[in-house]
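This report refers to the structure that appears directly beneath it.
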Amino acid sequence: MQYRSIKGFTGLSQLGVLFAAVGAGFILAAISQLVIGMQMVPAGTGFDKLGEAILKAGADPANVGKMRLMQIVGTFFLMFVPCMLYLWICHGKKMFWLG
């Protein structure tokens with residue numbers, strides 16, 4: 001007998017939901033880190049040079065707080081958000097299923 005979640009998702013469909021949630025987490029983390037990183041670079045920096053400018057700004061000791069914020073927000077979107085999306089979609093709000 002194949003295992004099904006409370007909402008009727010099979011094991012393979014649960015894996016698909018988890019992959020979709022992780023993909024959404026990656027996108028949200030990238031957008032949030034880009035928004036915070038753009039606050040550290042000088043105005044008028046072209047989009048093609050933005051990556052290098054954020055890396056240079058990250059090496060500046062004055063931007064340590066913003067770099068920490070980028071890491072915290074990115075970790076939140078990469079780990080917590082996919083976990084909760086998977087739980088709510090596949091199992092409802094029963095925390096038991098997260099282990």
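Since the model is a prediction, treat every value here as computed from it, not as a measurement.
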Please determine whether residues [X] and [Y] belong to a single hydrophobic cluster, defined as Ile, Leu, Val, Met, Phe, Trp and Tyr linked transitively by side-chain heavy-atom distances below 4.5 Å.
X	Y	answer
Phe77	Phe80	yes
Met84	Leu18	no
Val73	Met79	no
Val17	Leu87	no

Under 3.5 Å, which donor-acceptor pairs do the side chains of residues 28-41 form with other protein atoms, sequence neighbours left out?
| residue | atom | partner | partner atom | Å |
| --- | --- | --- | --- | --- |
| Ser32 | OG | Leu28 | O | 3.1 |
| Ser32 | OG | Ala29 | O | 3.0 |
| Gln33 | NE2 | Met70 | O | 3.1 |

Which donor-acceptor pairs under 3.5 Å do the side chains of residues 50-59 make with protein atoms, sequence neighbours left out?
none

Q | For the student: nearest non-hydrogen atoms of Phe9 and Ile89, plus distance | A | CE1-O, 3.2 Å
Gap between atom [atom2] of [Y] and atom [atom1] of [X] - 0.5 Å precision:
X	Y	atom1	atom2	answer
Cys83	Leu78	SG	CG	13.0 Å
Arg68	Asn63	CZ	CG	12.0 Å
Tyr86	Leu15	OH	CG	8.5 Å
Ile72	Met67	CD1	CE	12.0 Å

Q) Quick check: are there more than 12 heavy atoms from other residues, nucleotides or ligands sitting under 6.0 Å from CZ of Phe19? A) no
